[in-house]
Amino acid sequence: MTAPTLRFAPSPTGYLHIGNARPALFNWLMALKSGGRYILRLDDTDRERSKPEYERAIIEDLAWLGIEPHMTLRQADRLDRYEAAADALKAKGLLYPCYETAEELDRRRKRQLQRGAPPVYDRAALKLTVEDRARLEAEGRHPHWRFKLSGQVVAWQDGVRGPCHIDTASLSDPVLIREDGQPLYTFTSVVDDAELGITEVIRGEDHVTNTAVQIEIFAALGAKLPEFAHHNLLTTASGEGLSKRLGHLSLRGLREAGIEPMAVAALAVLTGTSEALRPVATMTELAELVSLDKVSRASAKFDEHELQALNGKLLHATPYARVADRLLAAHVGGGEAFWLAVRGNCGTLSDAGTWWRMVSTPTQPVIDENDRAFLGEALRVLPGEPWDEGTWRAWTAALKDKTGRKGRALFMPLRQALTGLDHGPDMSHLLPFIGRERALRRLAGDAA
C-alpha cells in the first residue's frame, strides 16, 4: 500500500495561531503515524495580502512546533500550472467569463432575497453572445471566470463526519479566476492537490461546502480524488472563533509567553476529541493518541488557562536532558540537580531562571520583627557544610527542639528569610544551592 501524502496550505497573510496549528498538526501526525509525506504549500496567490515576513514566520512557527515538511512550495511559482488547467476547463465549456461588477452582483442578490429566492448566481453570463462580450470589453470591463457546477448532489465519505452530501444546485457557480487574472483558492488548491498526489485532505469543517465544489473540479480535470476529513474548529471557551487578530494566541505570541511547543500541540489536537487533554512529551507519542474517528462533531472549546496548566504539567515531568541546552543558554546553573529541585514549581521554563537567581544572587530576606529571636536561634544551630538534601531536615529538627516551634510557625519564617518568598520549591532541595555563607547573611537580615 502506498504511503499517504498530506499537506498543510496556509496563506502567508498573517501569523499562525493555535487554531491554524490544529490542521497543521493533524496532517503532520497522520503522516508521521503512517510513514507518509507532508507538504507545506504556501497559498500566496493573493498578491496584495501575502507578505514575505509572514511566509518566514509560518516556516519558523512550524519548525518550533516540531513539524518538518518533506517539501515546501509556493503557489506563486506555479501560475503556469493554473493557467494550463484553466485552459483545459475553458475548452470543456466549464469555465466561463462573467462581466458583472461587485455592485451589480450585490443588487442582484438583494432582489433575489426580496423575492424570497436563494441568492444564487443566475448564470446570466452564459447567455452573452460573442458580440455582447466584445462590447463589454470595449467598455473596459475584464471578465472574472466561473466554474459551471453540475447542479447534481455531490456525496463523499468524510473521515470525521461520515457520509456527506451537498446539492450543488443550491450553490452559485464559484469564481475561480478574478478579473485581474488572479486564480483563487478553490481552484489552485485542486490543481496542486492533483499534481502533487495528495491522498488525504484534513482541514476544518468550514471547508465542507468547498469540498463539494472541489470534487467537481477534480472530476472536470480528470484528476484522482483524495480522501477528505473535516475536523471541528478550535474556539475559545466562550465559543469565539480564532482569528489572526488574537495576537496573544498566535504561535509566536505563545512562544514568547514561554509556552512549550508540545503543550500547544497536545491542546491543539486533543481538545474536541475523545482523548483526555494531558501533557504529551513527543510527537511520536501524540501521533499514537490521534485518530480521526476520535474527533467530535461538537466545537473544540478550550480555556486559555488550560494551556498554562498543561504547560506546567509538561515541565514538571520533563527530564533534564530535554531542557539542558535551553537552561544553559538562559544562564541557569546547578545542572540536573537544580532542575529536578525546581521543575515542579515552573509554569514556564523561564521560572527556572527566577529560582536560580534567587539562590545565586543577592536576595532581600523578608523578616517579621516577631521572628528575630527565632531566626537568631536558627543562626546558632545552623549546621556546618558540606550540605545535602538532609541538611534542612536536620536543621529544622534541631530548631524545633530548641524553640518548640513546629509546622508553619517553624518553616515559614525560615523560607521567607532565605528566599524572600512564602512559597516555592522544597527547601530541602534549595538549601544546598543557597549555601551556608549566603544563608547566614540572609538569616541576619542582609541581602545576600
Side-chain angles (χ1 to χ4, degrees), residues 257-259 305 308-309 311-318 320 323-324 326-448:
I259 302 299
H305 299 297
Q308 296 165 359
N311 200 65
K313 290 177 182 177
L314 180 65
L315 287 173
H316 300 169
T318 298
Y320 177 68
V323 294
R326 294 165 63 195
L327 291 173
L328 289 174
H331 307 293
V332 176
E336 183 174 19
F338 183 73
W339 171 245
L340 295 180
V342 303
R343 67 179 180 177
N345 290 82
C346 290
T348 64
L349 195 74
S350 63
D351 290 339
T354 300
W355 295 121
W356 179 250
R357 287 188 293 275
M358 184 271 291
V359 301
S360 64
T361 62
T363 295
Q364 182 64 49
V366 173
I367 297 176
D368 189 298
E369 287 302 317
N370 295 325
D371 291 321
R372 291 267 179 199
F374 168 72
L375 293 175
E377 191 62 41
L379 275 167
R380 285 187 285 275
V381 300
L382 186 66
E385 291 182 319
W387 282 1
D388 58 25
E389 292 185 3
T391 302
W392 172 261
R393 185 178 299 123
W395 179 38
T396 54
L399 195 53
K400 178 180 178 182
D401 289 342
K402 283 280 188 179
T403 65
R405 287 200 185 197
K406 58 184 178 180
R408 183 180 176 84
L410 172 66
F411 300 120
M412 187 55 68
L414 297 176
R415 177 181 285 280
Q416 290 180 316
L418 291 170
T419 70
L421 299 168
D422 60 3
H423 65 280
D426 190 322
M427 288 300 298
S428 66
H429 300 313
L430 283 187
L431 192 60
F433 291 102
I434 294 173
R436 194 173 193 276
E437 181 180 350
R438 186 170 277 116
L440 286 168
R441 294 177 63 187
R442 292 182 184 180
L443 290 167
D446 296 331

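Hydrogens, waters and symmetry mates play no part in the numbers below; they use all other heavy atoms, side chains included.
- Remark: Leu443 CG to Leu379 CG distance equals 4.5 Å, nearest 0.5 Å.
- In this structure a side-chain-to-backbone donor-acceptor pair under 3.5 Å is present from Glu385 to Arg436.
- In this structure, Trp387 and Leu382 have side chains that are in contact, with non-hydrogen atoms separated by less than 4.5 Å.
- Note that the NE2 atom of His331 and the CZ atom of Arg357 stand 10.5 Å from one another [nearest 0.5 Å].
- Between Met427 and Thr419 the shortest side-chain heavy-atom distance falls below 4.5 Å.
- Atom OG1 of Thr354 is separated from atom CG of Leu421 by 9.5 Å, given to the nearest 0.5 angstrom.
- To the nearest 0.5 angstrom, Lys406 atom NZ is 12.5 Å from Asp401 atom CG.
- Interatomic distance, Cys346 SG to Leu314 CG, rounded to the nearest 0.5 Å: 12.0 Å.
- Across all their heavy atoms, Gly445 and Arg372 have their closest contact at CA-NH1, 4.5 Å.
- By the 4.5 Å heavy-atom criterion applied to side chains, Leu327 and Trp356 are not counted as neighbours.
- Ser360 places none of its side-chain heavy atoms less than 4.5 Å from the side chain of Phe433.
- Lys400 and Arg405 make their closest contact through CG-O, 3.1 Å (heavy atoms, listed as atom of the first residue, atom of the second, distance).
- Heavy-atom minimum distance, Trp395 versus Leu431: CE3-CD2, 4.0 Å.
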Original post:
Hey, mind stepping through Val323 and Arg343 against side-chain contact (heavy atoms from CB on, under 4.5 Å) and telling me if it holds?
Top reply: CA-CA 11 Å; Val323 294; Arg343 67 179 180 177; over 6 Å; no
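- For the residue pair Ala378 and Leu414, the shortest heavy atom distance occurs at CB-CD2, 3.8 Å.
- Residues Thr318 and Trp339 approach most closely at O-NE1, 2.8 Å, considering heavy atoms.
- Of the residues Asn345, Leu418, Val359, the one that meets the side chain to side chain contact (heavy atoms under 4.5 Å, CB included) test with Leu430 is Val359.
- Taking CG of Asn311 as the reference point, atom NZ of Lys313 lies at 11.5 Å (rounded to 0.5 Å).
- Each of Ile367, Asp368, Leu410 was scored for a side chain to side chain contact (heavy atoms under 4.5 Å, CB included) with Phe374, with one residue passing: Leu410.
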Original post:
Can you check side-chain contact (heavy atoms from CB on, under 4.5 Å) on Leu349 and Arg326, steps first, answer last?
Top reply: CA-CA 9 Å; Leu349 195 74; Arg326 294 165 63 195; 3.5 Å; yes
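- Contact check for Leu399 versus Glu377: side-chain heavy atoms found under the 4.5 Å cut-off.
- Residues Met412 and Asp422 are in side-chain contact: their nearest non-hydrogen atoms beyond the backbone lie under 4.5 Å apart.
- You'll find the side chain of Pro432 stays beyond 4.5 Å of the side chain of Trp392, heavy atoms only.
- Between the side chain of His429 and the main chain of Ala341, no donor-acceptor pair closer than 3.5 Å is present.
- The main-chain N or O of Ala448 is found under 3.5 Å from a side-chain atom of Arg442 such that the two form a donor-acceptor pair.
- Under 4.0 Å is where a charged nitrogen must lie from a carboxylate oxygen, and between Arg438 and Asp446 no such pair does.
- Among all heavy-atom pairs drawn from Thr363 and Met358, the shortest one is OG1-O, 3.1 Å.
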